[in-house]
Amino acid sequence: MKTGWLIVNGYLKSEKFEEIYHWLMEAAAKQEIKLQKLTNDQLTSILPISSGKTDWRIKPDFVLFWDKDIRLAQMLEAEGFPVFNSAEAIEICDDKALTYIRLKNTDIEMPKTYIAPMTFFKEYQDYAFLMQVENSLGYPMVIKENKGSFGEQVYLVENHEEAVKKIQEIGHHEFIMQEYIQESKGRDIRINVVGNQVVTAMERTNDKDFRANITNGGSMKPYTPTEKEAELAVKVCRYLKLDFAGVDILFGKDNQPMLCEVNSNAHFKNIYDCTGVNVADAIMKYIDGKVQ
């Protein structure tokens with residue numbers, strides 16, 4: 001029987017997260033995989049601090065890393081564990097600026113994006129950079145903190161004064177400034193990809209918010225991606241070396257697909273309720289096929 005560790009964050013204690021972990025454990029059992037859940041703080045005392053490889057007495061066949069503790073994922077990879085998703089892929093997806101940088105010179109269509117300058121933890125005293133950006137993007141403009149989930153830390157600003165106020169509120173958090181795609185107001189697609197294959201998809205709409213996320217009050221319905229939409233989602237995962245992900249796509253002019261963002265550990269409860277497809281099953285089948 002194959003064995004694995006499911007690594008989760010020990011400080012995220014909620015029914016929403018526990019449900020996801022339970023589904024992954026159930027999906028592993030279907031594949032006759034013994035999957036043990038461990039928290040990142042538990043592993044701190046297990047991993048070695050001395051140089052050199054550890055002679056593990058009990059070592060799982062793989063690690064399913066359902067967390068964003070990048071340094072821990074890197075430590076596990078350094079110990080020779082096959083980690084799904086890789087530390088590099090999680091790190092890139094967890095930072096919207098890094099995602100943009102990695103994909104900007106590919107054929108992936110994205111909104112025009114600018115990365116805010118680094119301030120060394122000081123507040124901005126000069127907004128010349130903002131004036132240059134707004135000359136290119138105009139208003140409304142989307143400001144996104146580099147790290148955020150469930151549509152939070154994403155803001156729509158209507159003018160220079162609103163942008164300055166929002167940047168001041170963000171404080172020391174890094175952020176990007178992005179073109180607002182009017183055609184996709186309150187509407188997007190979530191496509192779940194596993195092993196470079198589209199598993200399922202849904203369309204999300206929200207007539208009260210420019211963000212379509214269900215957490216922000218949006219609704220959902222099953223969706224069959226077009227060939228271009230499916231191709232974009234799969235390419236993104238391939239370029240970012242993701243084993244699995246939730247890819248969010250906007251509707252551009254003439255419904256041309258544009259990448260919004262990528263989630264390396266996308267929650268799949270909503271998409272199951274919408275489509276009846278259990279993404280956890282697809283993930284565990286994929287891992288079972290990759291691990292010998």
Is it possible for you to say whether [X] and [Y] belong to one hydrophobic cluster, with membership spreading through side-chain heavy-atom contacts below 4.5 Å?
{"X": "Val262", "Y": "Val154", "value": "no"}
{"X": "Ile33", "Y": "Val8", "value": "yes"}
{"X": "Leu259", "Y": "Ile181", "value": "no"}
{"X": "Ile167", "Y": "Leu156", "value": "no"}
{"X": "Ile143", "Y": "Phe129", "value": "yes"}

So, for [X] and [Y], which heavy atoms are closest and what is the spacing to 0.1 Å?
{"X": "Val83", "Y": "Ala73", "result": "CG2-O, 4.4 Å"}
{"X": "Tyr180", "Y": "Pro140", "result": "CB-O, 3.5 Å"}
{"X": "Ala201", "Y": "Thr275", "result": "O-CG2, 3.5 Å"}
{"X": "Ala280", "Y": "Ala27", "result": "O-CB, 3.5 Å"}
{"X": "Glu229", "Y": "Ile191", "result": "O-CD1, 3.8 Å"}
{"X": "Tyr139", "Y": "Ala163", "result": "OH-CB, 3.6 Å"}

Flag side-chain contact, heavy atom, 4.5 Å: [X] against [Y]:
{"X": "Gln153", "Y": "His173", "result": "no"}
{"X": "Gln256", "Y": "Met258", "result": "no"}
{"X": "Tyr124", "Y": "Gln168", "result": "no"}
{"X": "Glu169", "Y": "Lys165", "result": "yes"}
{"X": "Leu24", "Y": "Trp66", "result": "yes"}
{"X": "Phe268", "Y": "Ile20", "result": "yes"}
{"X": "Lys144", "Y": "Cys260", "result": "yes"}
{"X": "Ser264", "Y": "Leu242", "result": "yes"}

Can you check whether [Y]'s main-chain N or O pairs, donor with acceptor, with [X]'s side chain at less than 3.5 Å?
{"X": "Asn40", "Y": "Asn9", "value": "no"}
{"X": "Asn85", "Y": "Asp243", "value": "yes"}
{"X": "Glu77", "Y": "Ala87", "value": "yes"}
{"X": "Asp288", "Y": "Met284", "value": "no"}
{"X": "Lys241", "Y": "Arg238", "value": "no"}

Roughly how far, to the nearest 0.5 Å, is the [atom2] atom of [Y] from the [atom1] atom of [X]?
{"X": "Glu231", "Y": "Lys235", "atom1": "CD", "atom2": "NZ", "value": "4.0 Å"}
{"X": "Glu161", "Y": "Asn159", "atom1": "CD", "atom2": "CG", "value": "5.0 Å"}
{"X": "Leu72", "Y": "Leu43", "atom1": "CG", "atom2": "CG", "value": "5.5 Å"}
{"X": "Asn146", "Y": "Tyr100", "atom1": "CG", "atom2": "OH", "value": "13.0 Å"}
{"X": "Glu179", "Y": "Met110", "atom1": "CD", "atom2": "CE", "value": "11.5 Å"}
{"X": "Gln42", "Y": "Ile7", "atom1": "CD", "atom2": "CD1", "value": "8.5 Å"}

**Asked** Does the cation-pi check pass for Lys166 over Tyr155, that is, NZ or CZ under 6.0 Å from the six-membered ring centre and within 45° of its axis?
**Response**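 Ring-cation test returns yes.
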**Request:** I would like to know whether Val198 and Val234 meet side-chain contact (heavy atoms from CB on, under 4.5 Å); could you show each step before the answer?
**Result:** CA-CA 7 Å; Val198 171; Val234 170; 4.0 Å; yes
**Test applied, side-chain contact (heavy atoms from CB on, under 4.5 Å); reference residue, Arg190; option that passes from Asn270, Asn263, Ile249** =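 That would be Asn263; it is the only one of Asn270, Asn263, Ile249 passing the side-chain contact (heavy atoms from CB on, under 4.5 Å) with Arg190.
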**Prompt:** Which residue, Leu130, Ile115, Thr113, Val142, forms the side-chain contact (heavy atoms from CB on, under 4.5 Å) with Met177?
**Reply:**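 By the side-chain contact (heavy atoms from CB on, under 4.5 Å) criterion, Met177 pairs with just one of Leu130, Ile115, Thr113, Val142: Leu130.
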**Request:** Give a yes or no on whether a salt bridge exists between Arg102 and Glu91, defined as a side-chain N under 4.0 angstrom from a carboxylate O.
**Result:** no
**Prompt:** Is any NZ, NE, NH1 or NH2 atom of the basic residue among Glu203 and Arg187 found under 4.0 Å from an Asp or Glu carboxylate oxygen of the other?
**Reply:**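 Yes, Glu203 and Arg187 are salt-bridged.
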Over 12 non-hydrogen atoms of neighbours within 6.0 angstrom of [atom1] in [X]:
{"X": "Lys2", "atom1": "NZ", "answer": "yes"}
{"X": "Lys185", "atom1": "NZ", "answer": "no"}
{"X": "Glu174", "atom1": "CD", "answer": "no"}

**Request:** Kindly indicate, with the supporting measurements, whether the criterion salt bridge (Lys or Arg N to Asp or Glu O under 4.0 Å) is fulfilled by Lys253 and Glu109.
**Result:** CA-CA 12 Å; Lys253 291 182 179 178; Glu109 187 74 20; over 6 Å; no
**Request:** Evaluate the criterion side chain to side chain donor-acceptor pair (under 3.5 Å) for residue pair Glu26 and His22; output intermediate values, then yes/no.
**Result:** CA-CA 6 Å; Glu26 280 192 334; His22 178 71; 3.1 Å; yes
**Request:** Given side-chain contact (heavy atoms from CB on, under 4.5 Å), test Val199 with Phe244 step by step and report yes or no.
**Result:** CA-CA 10 Å; Val199 174; Phe244 50 85; over 6 Å; no
**Request:** May I have the step-by-step check of side-chain contact (heavy atoms from CB on, under 4.5 Å) for Thr99 and Glu261, ending in yes or no?
**Result:** CA-CA 8 Å; Thr99 304; Glu261 61 182 63; over 6 Å; no
**Request:** Could you please spell out the steps behind the side-chain contact (heavy atoms from CB on, under 4.5 Å) verdict for Phe84 and Val291?
**Result:** CA-CA 11 Å; Phe84 302 89; Val291 176; 3.9 Å; yes
**Prompt:** Does a donor on one side chain and an acceptor on the other come within less than 3.5 Å for Tyr272 and Asn192?
**Reply:** no
